[in-house]
K.L.:
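I am attaching a structure below and will ask some questions about it afterwards.
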Amino acid sequence: MTDSLENWRRTHYSNEVKKELKGEKVLLMGWIHEMRDLGGIIFVLLRDRDGIIQITVPSKKVSPELFEEIKKLKKEAVIAVKGDVQESPKAPNGVEIIPEEIKLLNESELPLPLDTTGNTHAEIDTRLDSRFLDLRKFDVSAIFKIKSRIFHSIRKFLNERGYIEINTPKLVASATEGGTELFPITYFEREAFLGQSPQLYKQMMMASGFDKVFEIAPIFRAEEHDTLRHLNEATSIDLETAFTDHEDSMKILEELIHRAIQDVADECKEELETLGVDLKVPEIPFPRVDYDEVVEIVNSKGVLMRYGEDLSRAAEKVMGEVMDGYYFITGWPTAIKPFYVMPGFENPEKSCAFDLMYRDLEISSGAMRIHSYDLLVQQMKEKGLNPASFERYLQAFKYGMPPHSGWGVGAERLTMSVIGAKNIRETVLFPRDRRRLTP
RNA sequence: GCCUUGGUGGUGUAGGGGCUAUCAUGCAGGCCUGUCGAGCCUGCGACUCGGGUUCAAAUCCCGGCCAAGGCGCCA
């Protein structure tokens with residue numbers, strides 16, 4: 001038998017109940033984290049989003065009916081409690097609630113699929129199967145509070161800089177961009193695909209005169225990768241700016257990362273402490289390493305890397321050991337970058353593309369883009385793509401496309417770099433990977 | 001997709017041809033008025049699936065499924 005909510009509403013979160021409130025009545029709502037029944041006195045640990053507070057139930061201070069009602073409560077049941085705040089040096093955090101009235105709002109089945117107190121270790125697979133329970137643990141929810149703060153900080157920063165937040169379609173017709181595999185879907189009587197990147201759309205927006213745009217949205221990649229740093233559905237923070245080159249784009253990127261981490265350091269102290277993370281705000285500008293230097297460094301450490309190759313995993317690891325923190329790799333060969341990347345003005349073999357790395361992890365890649373219609377078509381042909389299938393995109397380059405540059409940041413990888421996560425799945429509520437499609 | 005390792009109560013594990021299958025946590029019941037990883041007593045609960053070898057398979061072999069880690073792939 002459960003009670004109805006009626007006119008009961010929460011007055012405080014558990015972490016708002018401080019000594020200064022002693023003697024006051026409060027109404028708290030949450031889950032039963034633990035029950036410690038000592039016979040004549042019961043301690044109920046009530047957990048809500050922001051913390052845990054002790055409800056102390058001495059048999060001599062509450063009615064026998066209430067005492068019996070509380071005695072019967074079980075782990076993870078949802079309750080509401082009205083009571084008095086009492087200061088007590090014996091209570092955790094020095095405060096506890098002496099209950100006056102209680103509502104059992106819902107029960108929980110037992111045993112639980114995983115231990116919400118975190119005393120018994122559970123593997124990631126088990127945790128993700130029951131993710132909502134996993135998220136009841138503070139060391140898990142802290143990650144998402146931090147991720148939320150990162151997004152908030154980025155939106156605030158870009159608004160201050162005059163950027164317009166846009167939304168581009170995730171249902172797309174073309175599979176002809178080349179490169180990554182796309183997820184095919186049925187679009188009425190036609191075939192369509194899930195978008196791998198807003199790249200072409202945000203470039204088209206440069207021809208709209210919006211000048212500065214960004215988008216935070218999912219991207220889908222149908223690669224069969226099965227690693228700790230890949231997802232098949234990820235969140236991309238994409239930005240594009242007209243009348244700028246790649247140097248401008250690197251500058252705003254490092255400023256944005258700096259600001260986001262500063263904000264996390266300032267606003268998420270508790271979460272960082274819960275995670276045991278000693279967050280250092282990186283200094284800007286970030287170091288720039290030319291691709292040519294990368295090849296030298298990697299080879300000097302005994303890992304073979306030929307000029308003109310992308311970084312192998314082993315090469316990334318070498319760079320991760322040599323470079324601490326965030327750094328850019330610049331001067332990429334035009335040959336291994338996408339068709340829309342601007343070749344260098346002095347040496348067209350070297351492009352205006354850059355990657356932002358955090359140790360051995362690629363966080364972002366960006367570039368100055370080609371704004372000349374003829375050059376773009378030429379680059380497409382050189383990469384083996386058919387310009388005809390890009391008609392709607394190419395059209396935007398015919399009627400006054402300004403020079404522009406931009407980048408895309410993997411939000412989950414950025415979060416990993418901030419909290420020091422080893423598995424990207426830790427940074428997504430419900431990850432989609434090679435095997436997992438539920439929950 | 002490839003390589004390696006693994007799959008034992010709800011969770012996390014020990015064991016590794018014949019065991020009553022180990023331990024912790026959990027769950028159920030009981031005792032206990034200051035717990036905070038509460039404590040104590042009693043009980044409950046498991047060998048991934050299919051085939052093979054063998055007198056005998058949770059254990060060895062083959063295959064499937066699932067997972068962990070690594071790599072490849074990732075304009």
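Here is the naming used below: chain letters follow the sequence lines, and residue numbers restart at 1 for every chain. Computed over heavy atoms, backbone and side chain alike; hydrogens, waters and symmetry mates excluded.
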K.L.:
Classify A:Leu45 by what it touches in the nucleic acid, base, sugar-phosphate, or nothing, heavy-atom distance under 4.0 Å.
P.N.:
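The residue A:Leu45 makes no contact with any strand.
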
K.L.:
It should be established whether A:Arg221 places a side-chain nitrogen or oxygen under 4.0 Å from OP1 or OP2 of nucleotide B:C74.
P.N.:
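No.
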
K.L.:
Starting at atom CZ of A:Arg436, determine the distance to atom P of B:C66, rounded to an integer number of angstrom.
P.N.:
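So the CZ-P distance, A:Arg436 to B:C66, works out to 12 Å.
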
K.L.:
Report yes or no: is there a donor-acceptor pair, N or O only, under 3.5 Å between the side chain of A:Ser59 and the base of B:U33?
P.N.:
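For A:Ser59, whose side chain was compared with the base of B:U33, there is a donor-acceptor pair (under 3.5 Å).
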
K.L.:
Does one side chain, of A:Tyr340 or A:Gln379, offer a donor that lies under 3.5 Å from an acceptor on the other?
P.N.:
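Absent: no donor and acceptor within the cut-off.
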
K.L.:
Counting side-chain heavy atoms from C-beta on, which of B:G70, B:C71, B:A67 comes nearest to A:Leu228?
P.N.:
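Among the listed nucleotides, the one closest to the side chain of A:Leu228 is B:G70.
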
K.L.:
For nucleotides B:U22 and B:G43, find the distance between their P atoms and express it as a whole number of Å.
P.N.:
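It works out to 14 Å between them.
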
K.L.:
Is A:Lys18 salt-bridged to A:Glu87, going by a charged N under 4.0 Å from an acidic O?
P.N.:
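Looking at A:Lys18 and A:Glu87, the cut-off is not met.
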
K.L.:
Using a heavy-atom cut-off of under 4.0 Å over every strand shown, decide if A:Ile124 touches base, sugar-phosphate, or nothing.
P.N.:
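Here A:Ile124 touches the backbone only, sparing every base.
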
K.L.:
Contact class for A:Leu38 vs. all strands (heavy atom < 4.0 Å): base, sugar-phosphate, or nothing?
P.N.:
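Base contact - A:Leu38 has a heavy atom under 4.0 Å of at least one base atom.
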
K.L.:
Just to be sure I understand the rule, does A:Ser312 reach a base, reach only the sugar-phosphate, or reach nothing, if contact means heavy atoms closer than 4.0 Å?
P.N.:
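Counting heavy atoms under 4.0 Å across all strands, the contact made by A:Ser312 is with sugar-phosphate only.
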
K.L.:
Passes ring-ring contact (aromatic ring centres under 6.0 Å, His included), A:Phe286 versus A:Tyr327? Steps please.
P.N.:
CA-CA 5 Å; A:Phe286 297 153; A:Tyr327 60 97; 9.4 Å; no

K.L.:
Quick one: A:Asn423 CG to B:G70 P, roughly how many Å, whole number?
P.N.:
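The answer, rounded to whole Å, is 9 Å.
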
K.L.:
Closest to the A:Ser197 side chain: B:C71, B:A75, B:G34?
P.N.:
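Ranking B:C71, B:A75, B:G34 by closest atom to the A:Ser197 side chain puts B:A75 first.
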
K.L.:
Could you tell me the separation between the NZ atom of A:Lys71 and the P atom of B:U35, rounded to a whole number of Å?
P.N.:
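These atoms are roughly 17 Å apart.
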
K.L.:
Check whether the side chains of A:Thr168 and A:Glu215 place a donor and an acceptor atom closer than 3.5 Å, and report yes or no.
P.N.:
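Yes, A:Glu215 and A:Thr168 have a side-chain donor paired with an acceptor closer than 3.5 Å.
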
K.L.:
I'd like to know if A:His225 reaches the base of B:C74 with its side chain such that a donor and an acceptor end up less than 3.5 angstrom apart.
P.N.:
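Result: no qualifying N/O pair found.
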
K.L.:
Just how far, in rounded Å, is C1' of B:C74 from CD of A:Glu223?
P.N.:
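Result: 5 Å.
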
K.L.:
Map A:Lys60 and A:Glu34 onto RNA chain B by nearest heavy atom, then report which one ends up closer to the 5' terminus.
P.N.:
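So the residue in question is A:Lys60.
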
K.L.:
Classify the ring geometry of A:His404 against A:Phe397: parallel below 30°, tilted from 30° to 60°, perpendicular beyond 60°.
P.N.:
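Tilted, since the angle between the ring planes falls between 30° and 60°.
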
K.L.:
What stems show up for RNA chain B when you take Watson-Crick pairs (N1-N3 plus N6-O4 or O6-N4) and G-U wobbles (N1-O2, O6-N3), both under 3.5 Å, and require three or more consecutive pairs?
P.N.:
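Looking at RNA chain B, the stems formed by three or more consecutive pairs are B:1-7 with B:65-71, B:10-12 with B:23-25, B:26-31 with B:39-44, B:48-52 with B:60-64.
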
K.L.:
Have a look at A:Ala91 and say if it touches a base, only the backbone sugar-phosphate, or nothing, with a 4.0 Å heavy-atom cut-off.
P.N.:
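Here A:Ala91 touches the bases of the nucleic acid.
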
K.L.:
Over 60° means perpendicular and under 30° means parallel, so classify the ring planes of A:Tyr307 and A:Tyr291, tilted if in between.
P.N.:
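Perpendicular.
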
K.L.:
Given atom CD of A:Glu96 and atom C1' of B:U33, what is their separation to the nearest angstrom?
P.N.:
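Taking CD of A:Glu96 and C1' of B:U33, I get 12 Å after rounding.
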
K.L.:
Determine the Euclidean distance between corresponding P atoms of B:C66 and B:U8; express it in Å to zero decimal places.
P.N.:
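Going atom to atom, P in each nucleotide, I get 16 Å.
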
K.L.:
If you measure only the distance, is there a donor-acceptor pair under 3.5 Å linking the side chains of A:Thr56 and A:Gln54?
P.N.:
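Looking only at side-chain atoms, A:Gln54 and A:Thr56 do form a donor-acceptor pair, the distance falling under 3.5 Å.
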
K.L.:
For the C1' atoms, the ones on B:U35 and on B:C40, what distance do you get once it is rounded to whole angstrom?
P.N.:
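Comparing C1' positions in B:U35 and B:C40 gives a spacing of 15 Å.
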
K.L.:
Any side-chain N or O of A:Lys317 less than 4.0 Å from the OP1 or OP2 oxygen of B:G70?
P.N.:
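The answer is no; no side-chain N or O of A:Lys317 sits under 4.0 Å from OP1 or OP2.
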
K.L.:
When rounded to the nearest Å, what value does the distance between C1' atoms of B:G70 and B:G45 take?
P.N.:
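Roughly 36 Å separates the two C1' atoms.
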
K.L.:
For A:His230 and B:G70, give me the distance from atom NE2 to atom C1', rounded to whole Å.
P.N.:
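It is 13 Å, rounded to the nearest whole Å.
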
K.L.:
Select from A:Lys75 and A:Asp37 the residue whose nearest nucleotide in RNA chain B is closer to the 5' end of that strand.
P.N.:
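Nearer the 5' end of the strand: A:Lys75.
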
K.L.:
Which nucleotide wins on minimum distance to the side chain of A:His121, given the candidates B:G72, B:G12, B:G1?
P.N.:
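That would be B:G12.
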
K.L.:
Between B:C49 and B:U11, how far is it from one C1' atom to the other, in whole Å?
P.N.:
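Comparing C1' positions in B:C49 and B:U11 gives a spacing of 22 Å.
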
K.L.:
Any side-chain donor paired with an acceptor under 3.5 Å for A:His246 and A:Ser249?
P.N.:
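Judged by distance alone, the side chains do not pair up.
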
K.L.:
Can you see if the side chain of A:Arg435 gets near the phosphate of B:C65 - specifically, an N or O under 4.0 Å from OP1 or OP2?
P.N.:
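It does not, given that no N or O in the side chain of A:Arg435 lies less than 4.0 Å from OP1 or OP2 of B:C65.
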
K.L.:
Provide the distance between the two C1' atoms, one in B:G26 and one in B:G9, to the nearest whole Å.
P.N.:
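So the two C1' atoms sit 10 Å from each other.
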
K.L.:
Within 45 degrees of the ring normal and closer than 6.0 Å to the centroid, is that where the cationic atom of A:Arg10 sits relative to A:Tyr13?
P.N.:
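Cation-pi check for A:Arg10 and A:Tyr13: passes.
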
K.L.:
Check every strand shown and say whether A:Lys74 touches a base, only sugar-phosphate, or nothing at a heavy-atom separation below 4.0 Å.
P.N.:
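The residue A:Lys74 makes sugar-phosphate contact but no base contact.
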
K.L.:
If you measure from the P atom in B:C41 to the same atom in B:C23, how many Å do you get, rounded?
P.N.:
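Taking atom P in both B:C41 and B:C23, they lie 14 Å apart.
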
K.L.:
Using the P atoms only, state how far B:A14 lies from B:G52, rounded to an integer number of Å.
P.N.:
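So the two P atoms sit 31 Å from each other.
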
K.L.:
Checking side-chain polar atoms at under 3.5 Å, does A:Gln203 have a donor or acceptor matched by the opposite partner on A:Gln199?
P.N.:
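Checked: A:Gln203/A:Gln199 side chains pair up, N/O donor to acceptor below 3.5 Å.
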
K.L.:
A:Thr126 side chain N/O closer than 4.0 Å to the phosphate oxygens (OP1, OP2) of B:G12?
P.N.:
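Answer is yes, contact under 4.0 Å.
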
K.L.:
Would you classify A:Asp226 as touching base, sugar-phosphate or nothing, given that sugar-phosphate means primed atoms plus P, OP1 and OP2, and contacts are heavy atoms under 4.0 Å?
P.N.:
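Base contact - A:Asp226 has a heavy atom under 4.0 Å of at least one base atom.
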
K.L.:
Check whether the side chain of A:Glu123 and the base of B:U11 form a donor-acceptor pair under 3.5 Å.
P.N.:
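Answer is no: no donor-acceptor pair is held.
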
K.L.:
Please report, rounded to the nearest Å, how far the P atom of B:A75 is from the CD1 atom of A:Ile370.
P.N.:
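Atom CD1 in A:Ile370 sits about 17 Å away from atom P in B:A75.
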
K.L.:
Scan A:Pro92 against the nucleic acid and name what it touches under 4.0 Å (heavy atoms): base, sugar-phosphate only, or nothing.
P.N.:
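Contact class for A:Pro92: base.
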
K.L.:
CG of A:Asp360 versus P of B:C74: gap in Å, rounded?
P.N.:
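So the CG-P distance, A:Asp360 to B:C74, works out to 19 Å.
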
K.L.:
Answer yes or no: side-chain N or O of A:Thr120 and base N or O of B:A24 forming a donor-acceptor pair under 3.5 Å.
P.N.:
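When only heavy-atom distances are counted, A:Thr120 does not reach the base of B:A24 through any donor-acceptor pair under 3.5 Å.
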
